[in-house]
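Only heavy atoms go into these numbers, but all of them, side chains included; no hydrogens, no water, no symmetry mates. Below, read A as the first sequence line, B as the second, and so on, with proteins coming before strands; counting in each chain starts at 1. Because the structure is predicted, anything quoted here is derived from the model rather than measured.
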Amino acid sequence: MKAYQPARGTRDLYGDEILAQKFVTDGMHHVAHCYGYGEIITPIFEFTEVFARGMGEVTDVVSKEMYTFNDRGGESITLRPEGTAGAARALVSNGLAQDLPLKVYYIGPMFRYERPQKGRYRQFYQAGVELFGVDTPNADVEVIALANSFLKKVGVKGKITLEINSLGDVESREEYKKALLEYFKGYEENLSEDSKRRLHTNPLRILDSKEECDKVICENAPKMNDYLNEFSKNFFDEVLKGLDALEIEYKVNSKLVRGLDYYRHTVFEFITDELGSQGTVLAGGRYDDLVSELGGPKITGVGFASGVDRLALLLKETPNKQRPVAVIPLNDEYKYQALKIADDLRAEGVFVDMAFNGNVGKRFKKANKANAFKAIVVGGDEFDRGNVVIKDLDSGNQKEVSIKEISKEI
RNA sequence: GCGGGUGUAGCUCAGUUGGUUAGAGCGCCAGUUUGUGGUUCUGGAUGCCGUGAGUUCGAAUCUCAUCACUCGCCCCA
């Protein structure tokens with residue numbers, strides 16, 4: 001029979017890898033809790049329209065990367081490609097706008113039909129937060145601070161830098177787009193093929209093109225910053241001041257833009273130099289119209305999403321595994337007594353490893369392989385006296401201990 | 001969707017100009033050890049050489065296709 005492989009871009013998580021993923025998600029649970037964010041679990045699939053409306057019809061994610069299918073009832077269903085739209089929809093569906101601000105975080109799989117690479121999968125995991133209903137810059141600051149704490153907590157190796165920019169409000173953005181379009185049209189001939197296309201789809205994108213010919217042209221392109229209106233400018237300044245106050249280092253990158261249509265004002269990315277072109281490890285920003293697009297009231301939001309798989313790849317070392325206590329019957333005669341002792345310890349919350357077979361020597365070997373730090377030997381004269389032998393597997397020392405005292409001795 | 005690289009044991013890889021029974025290290029199992037592990041020592045199992053076709057007397061080796069992985073582009077976390 002043919003051995004099956006997982007479908008392209010998917011993989012099985014187990015062993016050390018899942019420990020790394022769990023370390024990342026545990027960090028998220030912990031940090032989000034400290035900032036007062038509650039967990040939200042939204043469905044893994046939604047009506048296609050939720051994502052199409054929320055993210056913008058022309059974005060690449062919507063137009064060519066979604067896992068979309070018709071269910072048996074004929075509804076167009078899409079596996080969620082990101083978390084924000086679903087969270088916004090949940091807010092609307094459940095009337096959560098009654099009690100603002102709403103602070104939520106989520107952790108779970110997302111799906112995009114893309115060519116897989118290192119740190120990029122078709123089923124991948126994101127951990128993100130959303131803060132709804134605060135339209136002042138301190139919301140942006142809090143979310144970025146949370147992101148910063150989260151990355152610190154996870155303790156990833158390599159250099160991670162925060163880049164930040166403002167896209168301004170709708171008015172500023174439109175002004176800027178116009179100026180940019182005009183500028184690039186003068187150089188259309190010299191733009192890369194990709195950028196010629198972007199000129200019509202998303203001119204802002206040209207700014208962070210990796211093509212040399214585009215970079216040269218972008219040197220003298222109009223700067224977003226010069227097109228921010230008074231309000232947008234003040235907003236951005238306030239955000240930066242907040243970051244200064246928190247001593248969070250950042251780099252203003254006027255060429256930083258985002259792929260999804262809903263972003264306004266603040267956009268930011270935490271980038272590592274260790275993952276090649278998949279260097280973005282956490283990214284987010286402010287969005288103003290997403291909730292109303294989905295049929296809710298006009299509520300603003302700020303949030304970010306982080307790539308759990310990418311962060312797991314960056315961990316300095318695999319998190320320490322807890323070491324078990326091994327319970328070893330001296331011979332078959334004592335197997336039930338040993339089992340009872342193991343079970344009692346487990347009931348007390350002790351991590352107990354017990355081999356399923358083998359003589360004493362074999363069981364010690366297995367205990368060693370399981371990286372046990374103590375072995376409890378059950379049987380013989382000692383057992384008749386109501387005792388067991390506890391051996392420290394690191395030092396090799398062992399002593400006789402009353403069965404009742406076992407949990408005190410380990 | 002586009003371009004480059006790679007597919008040999010569970011893992012990391014070697015395999016000469018095509019030549020008959022395909023190798024190493026690690027890991028795994030067993031013995032050394034029927035009241036005591038980690039180090040040794042000895043033995044053992046494991047491969048449709050990614051898959052399919054072609055060239056050839058003969059293919060892990062050459063050609064094509066296909067699938068998967070990987071690196072970059074697009075895009076994105």
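- Among the heavy atoms of the strands lying under 4.0 Å from A/G9 are primed sugar atoms or P, OP1, OP2 only; no base atom is included.
- Residue A/F373 contributes atom CZ, which lies 20 Å from atom P of B/G38 at whole-angstrom precision.
- Counting non-hydrogen atoms under 4.0 angstrom, A/L282 reaches the backbone sugars and phosphates but no base.
- Listed nucleotides B/C75, B/C69, B/G35 differ in distance to A/R8; the shortest reach to its side chain belongs to B/C69.
- A/Q398 contributes no side-chain N or O that forms a donor-acceptor pair with the base of B/G37 under 3.5 Å.
- Looking at heavy-atom distances under 4.0 Å, A/N331 makes no contact with the nucleic acid at all.
- For the C1' atoms, the distance from B/G43 to B/U33 is 16 Å, rounded to whole Å.
- With a cut-off of 3.5 Å on both pairing distances, the Watson-Crick or G-U wobble partner of B/G1 is B/C73.
- Comparing B/C29, B/C74, B/G37 by their nearest atom to the side chain of A/L393 picks out B/G37.
- Side-chain proximity of A/V389 to the nucleotides B/U36, B/C28, B/G37 is greatest for B/U36.
- In this structure, B/G25 and B/C11 make a Watson-Crick or G-U wobble pair, each of the two defining distances being under 3.5 angstrom.
- Within a 6.0 Å radius of NE2 in A/H33, no more than 12 heavy atoms belonging to other residues, nucleotides or ligands are found.
- With C1' as the reference atom, B/G23 and B/U16 are 14 Å apart, rounded to whole Å.
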I would like to know whether A/T25 and A/V308 meet side chain to side chain contact (heavy atoms under 4.5 Å, CB included); could you show each step before the answer? CA-CA 7 Å; A/T25 54; A/V308 174; 4.1 Å; yes
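- To the nearest angstrom, C1' of B/A77 lies 12 Å from CG of A/L314.
- B/A77 atom P lies 14 Å from atom CZ of A/F270, rounded to whole Å.
- Nucleotides B/U61 and B/G50 have their C1' atoms positioned 16 Å apart, rounded to a whole Å.
- At the heavy-atom level, A/G128 lies nowhere under 4.0 Å from the strands shown.
- Taking atom C1' in both B/C48 and B/A59, the straight-line distance is 14 Å, to the nearest Å.
- Here B/C75 presents its P atom at 18 Å from CE of A/M66, a figure rounded to the nearest Å.
- Closest-nucleotide positions on RNA chain B for A/S306 and A/K365 were compared, and the one nearer the 5' end corresponds to A/K365.
- Taking only distance into account, the side chain of A/N368 meets the base of B/G37 through a donor-acceptor pair shorter than 3.5 Å.
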Quick one: do A/Y37 and A/V104 satisfy side chain to side chain contact (heavy atoms under 4.5 Å, CB included)? Show the steps, please. CA-CA 5 Å; A/Y37 287 67; A/V104 295; 5.6 Å; no
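- A/R363 comes within contact range of no nucleotide atom at all, as no heavy-atom separation falls under 4.0 Å.
- Residue A/Q117 places its side chain closer to B/C71 than to any other of B/G37, B/C71, B/C29.
- Between A/N397 atom CG and B/G37 atom P there is a gap of 15 Å when expressed in whole angstrom units.
- The C1' atoms of B/G15 and B/G52 are separated by 24 Å, rounded to the nearest whole Å.
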Side chain to side chain contact (heavy atoms under 4.5 Å, CB included) for A/F47 and A/R89? Distances and angles first, verdict last. CA-CA 10 Å; A/F47 293 124; A/R89 194 234 76 226; over 6 Å; no
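- When heavy atoms are screened at a 4.0 angstrom cut-off, A/A367 is found touching no nucleic acid atom at all.
- Closest non-hydrogen pair, A/M224 versus A/S254, comes out as CB-O, 4.5 Å.
- In terms of polar N and O atoms assigned as donor or acceptor, the side chain of A/R120 comes within less than 3.5 Å of the base of B/C75 in a complementary pairing.
- The closest side-chain heavy-atom distance from A/L393 to A/F373 is not below 4.5 Å.
- Residue A/K366 is classed as having no contact, given no heavy-atom separation below 4.0 Å to the nucleic acid.
- Rounded to the nearest Å, the gap between the P atom of B/U21 and that of B/C28 is 32 Å.
- For A/K362, the side-chain atoms get nearest to B/G31 when compared with the rest of B/G35, B/A77, B/G31.
- A parallel orientation is assigned to the rings of A/F150 and A/F304, their planes being inclined by less than 30° (bins at 30° and 60°).
- Below the 3.5 angstrom threshold, one finds a donor paired with an acceptor across the side chain of A/K391 and the base of B/U36.
- One interatomic measurement links the two molecules: CD1 of A/I107 to C1' of B/A77, which rounds to 14 Å at whole-angstrom precision.
- Pair check for B/C64 finds B/G52; Watson-Crick or G-U wobble, both atom distances under 3.5 Å.
- Nucleic acid contact class of A/E82 (heavy atoms, under 4.0 Å, all strands): none.
- B/U34 is unpaired under the criterion used here, namely a Watson-Crick or G-U wobble arrangement in which both key atom distances are under 3.5 Å.
- Taking atom CZ of A/F51 as the reference point, atom P of B/C75 lies 22 Å away to the nearest angstrom.
- With P as the reference atom, B/C49 and B/G4 are 28 Å apart, rounded to whole Å.
- Per the geometry, CG belonging to A/N357 stands 11 Å off P belonging to B/C29, to the nearest Å.
- Only the P atoms considered, B/C26 is 31 Å distant from B/C69, to the nearest whole Å.
- Base contact: A/G396 has a heavy atom under 4.0 Å from a base atom.
- Between the side chain of A/K366 and the backbone N or O of A/F356, no donor-acceptor pair lies under 3.5 Å.
- Using a 4.5 Å cut-off on side-chain heavy atoms (C-beta onward), A/V350 and A/I406 make no contact.
- Residues A/Y113 and A/E269 each lie close to RNA chain B; by heavy-atom proximity, the contact nearer the 5' end of the strand is made by A/Y113.
- Of the candidates B/C71, B/C28, B/G35, the closest approach to any side-chain atom of A/D381 belongs to B/G35.
- In the set B/C2, B/G37, B/C74, B/C2 carries the atom at the smallest distance from any side-chain atom of A/R115.
- Pair check for B/G47 finds none; no Watson-Crick or G-U wobble contact set falls under 3.5 Å.
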